[in-house]
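Beneath this line is the structure, given in structure tokens, with notes to follow.
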Protein chains: 2
Amino acid sequence: MTTRAVRSRDDVVRTAGKLFAERGYHGTSMRDLAAELGLLGSSLYSHISSKEDLLVEVVEKGAHLFQSSADAALATSGTAAKRLKALVAGHVDVVLDHLDEVRTFLNEAGVLDEVHRSRVLAARDRYEASYREVLSEMKVADPKLAAIFLLSILNALERWYRPTGSLQRQDLVDEILGFALNGIRR
Amino acid sequence: MTTRAVRSRDDVVRTAGKLFAERGYHGTSMRDLAAELGLLGSSLYSHISSKEDLLVEVVEKGAHLFQSSADAALATSGTAAKRLKALVAGHVDVVLDHLDEVRTFLNEAGVLDEVHRSRVLAARDRYEASYREVLSEMKVADPKLAAIFLLSILNALERWYRPTGSLQRQDLVDEILGFALNGIRR
DNA sequence: CCTACCGATCGGTAGG
DNA sequence: CCTACCGATCGGTAGG
């Protein structure tokens, strides 16, 4: 006899994040998602109410992780340089520990309806403002542009970094900070 | 009487690039594409043979633009620093002048079948190798990582830069080069 | 380039 | 969580 799979709502949301990250929202069907969980498509609707709601939940989880990380980093006592280091280390941790939610947050937010999309854009801007603020404290000439450049490096990690490689997490943080502070002349 | 729209194959490919860039490959239906051209879905098939072929064509156009740009930059005489500047200026030109093909190249290549995807990955690695080579000539400590960081900044332009803003193209190039060479301490 | 289709798949529901 | 569906939309074809 075959056993029926029984899944929690959290299983559904987490697996949705995985598939949205890998194949994109429009590239993932509800039947794909159900199959990944060992269910039939219709069974998903006892856990969630719509595919769109699932995307909202995953993307907002990503947004929340980044904001929590930034809030903690800004609360670090000491110099602004130390807070910048905490911001970068926190960002790296969020990307590497919650890759699916981060990828969905970064790449699929554009699919959301107007209301949710603008909420996500606002969250992103608030997060970026944390970087601008610390960079301002460090008397950087153009904190806005510096924040964009640093976050470009950080957000791109999702596209190339593999934890199985030779570059360890702490080294990665140091390399990014070194590059941001001094460029390639080190 | 209403006039029949008559489109060229190139119109179809260019418009496909626009929609793939904006909504993603899976978020664009052939009827969406046709409507954007003032046609009915079935009319597209006198120009192209499949939706997948359309994606291949747009992505390979993006790959080709970047490679041509790098080849020209590497042919620049003078110092390695000058060649790096040519690489960065060329990349910025490609992104700003061919935004749709670039966005599709960067964000939708993963949708391609195995054969085409690995071809695109190889093209990307060849392009990145141009950066590694020039950075090596400049005696950078870790040319591989420096190339990744610089390209992270360059590829992210697609996500935030608006030509209507106050930052001009040449200033953008200078800012990126300054950041890459010296970091935020300038 | 349009008319008229095709089978397959989509997100989702009713009811058990 | 499954069975049995639903109408809508998908990529694509035949023929003019």
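In what follows, chains carry the letters A, B, and so on, assigned in the order in which the sequence lines appear, proteins first and then strands, with residues in each chain numbered from 1.
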Please say whether more than 12 non-hydrogen atoms of neighbouring residues, nucleotides or ligands are located less than 6.0 Å from NZ in A/K51.
yes
Using OP1 and OP2 only, check whether a side-chain N or O of A/H26 sits under 4.0 Å from C/dC10.
no
In this structure, how many angstroms lie between the P atom of C/dG12 and the CE atom of A/M30, rounded?
6 Å
Within the structure provided, determine whether A/R159 and A/N107 are in side-chain contact (heavy-atom separation under 4.5 Å).
yes
At what angle, to 10 degrees, do the two end axes of the helix from C/dC1-D/dG16 to C/dG16-D/dC1 meet, given five pairs define each axis?
10°
Can you find a side-chain donor-acceptor pair between A/S49 and A/D53 that sits under 3.5 Å?
yes
Does a side-chain N or O of B/Y45 approach OP1 or OP2 of D/dT13 to a distance below 4.0 Å, or not?
no
Whole-Å gap separating C1' (C/dC10) and CG (A/L33):
14 Å
Carboxylate-amine/guanidinium contact B/E128 B/R124, below 4.0 Å
no
Going by the angle between their ring planes, with limits at 30° and 60°, are A/F66 and A/Y127 parallel, tilted or perpendicular?
tilted
What's touching nucleotides 2-6 of chain D from the protein side, N or O pairs under 3.5 Å?
| residue | atom | partner | partner atom | Å |
| --- | --- | --- | --- | --- |
| D/dC2 | OP2 | A/L40 | N | 3.1 |
| D/dC2 | OP2 | A/S43 | OG | 2.5 |
| D/dT3 | O4 | A/S42 | OG | 2.9 |

Send over the distance from B/L44 CG to D/dG12 P, rounded to a whole Å.
10 Å
Result of checking B/V6, B/D32, B/T15 against B/L37 for side chain to side chain contact (heavy atoms under 4.5 Å, CB included)
B/T15
Ion pair check, A/E57 and A/K61, cut-off under 4.0 Å
no
How many whole angstroms separate atom CG of A/L37 from atom C1' of D/dC1?
12 Å
At less than 4.0 Å, is any side-chain N or O atom of B/S29 found next to OP1 or OP2 of D/dC10? Yes or no.
yes
Considering only NZ, NE, NH1 and NH2 on the basic side and carboxylate oxygens on the acidic side, decide whether A/R119 and A/D113 come within less than 4.0 Å.
no
Would you indicate whether the side-chain heavy atoms of A/T104 and A/K18 approach each other to under 4.5 Å?
no
B/D32 CG - D/dA8 P separation (whole Å)
18 Å
Strand contacts (DNA chain D) in residues 48-61 of chain B, 4.0 angstrom heavy-atom criterion
B/S50, B/K51
Are a donor atom and an acceptor atom from the side chains of A/H91 and A/N155 found within less than 3.5 Å of each other?
yes
Salt-bridged, B/R14 to B/D11, with N to O below 4.0 Å?
yes
